[in-house]
Peer 1: 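Take a look at the following structure, please.
Remember, it's a predicted structure, so these values are computed and weren't measured experimentally.
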Amino acid sequence: MSRARSEASRVFAERLRARRIELGCSQYDIAHLSGVDLANYGRLERGGGNPTLTTIVQLAMTLSLDPATLMSGLADAGMLPEKDRPYSALDYIAARRQQDGR
């Protein structure tokens with residue numbers, strides 16, 4: 001297995017693969033049924049891809065899952081490398097208040 005982009009990518013990949021195997025389908029089957037390119041699907045299962053919202057929904061529908069099942073917990077601390085972690089609006093507001101002395 002190639003190195004995953006992040007812990008979130010690894011967990012997402014693990015969930016895809018586990019469900020596909022549970023259903024007894026091949027990567028080709030899932031890619032074909034969902035309309036996702038086979039090479040792209042393979043990258044997603046290895047944790048190397050970066051799926052669009054449309055791709056996530058298509059795959060979830062094909063796998064008979066709620067998209068939330070694939071995404072749950074992926075925003076938790078440590079799931080993204082620090083350099084990729086977005087600065088939240090709440091972090092921004094707190095920093096701004098601290099700077100303003102509030």
Peer 1: Show me, pair by pair, the donor-acceptor contacts under 3.5 angstrom made by side chains of residues 61-74, not counting sequence neighbours?
Peer 2:
unit_1, atom_1, unit_2, atom_2, d
T62, OG1, Q58, O, 3.0
D66, OD1, A68, N, 2.8
T69, OG1, D66, O, 3.3

Peer 1: Provide the closest heavy-atom pair for A13 versus G47 in the form atom of the first, atom of the second, distance.
Peer 2: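 Scanning both residues completely, I find the closest heavy atoms to be CB-N, 3.5 Å.
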Peer 1: Sort and list the pairs that fulfil side chain to side chain donor-acceptor pair (under 3.5 Å) and have at least one residue in residues 29-39, not counting sequence neighbours.
Peer 2: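 Non-adjacent pairs meeting side chain to side chain donor-acceptor pair (under 3.5 Å): S26-D29.
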Peer 1: Could you grab the distance from atom CZ of R46 to atom CZ of R5, nearest 0.5 Å is fine?
Peer 2: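 If I round to the nearest 0.5 Å, the distance is 13.0 Å.
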Peer 1: May I ask you to test the M79-F12 pair for a side-chain heavy-atom distance under 4.5 Å?
Peer 2: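 Side chain of M79 against side chain of F12, heavy atoms only: no contact under 4.5 Å found.
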Peer 1: Nearest 0.5 Å, please: how far is OG in S9 from CG in L80?
Peer 2: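 It comes to 7.5 Å.
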Peer 1: Residues in side chain to side chain contact (heavy atoms under 4.5 Å, CB included) with I21, at least two apart?
Peer 2: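 For I21 the side chain to side chain contact (heavy atoms under 4.5 Å, CB included) partners, ignoring immediate neighbours, are R17.
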Peer 1: Report yes if the side chains of L59 and L44 come closer than 4.5 Å at any heavy-atom pair, otherwise no.
Peer 2: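 Counting from C-beta outward, L59 and L44 do come under 4.5 Å.
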Peer 1: State the CG-CZ distance between L38 and R43, to the nearest 0.5 angstrom.
Peer 2: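 So the CG of L38 and the CZ of R43 are separated by 9.5 Å.
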Peer 1: Verify side chain to side chain contact (heavy atoms under 4.5 Å, CB included) between T55 and Y41, making sure each step is shown before the conclusion.
Peer 2: CA-CA 9 Å; T55 297; Y41 181 79; over 6 Å; no
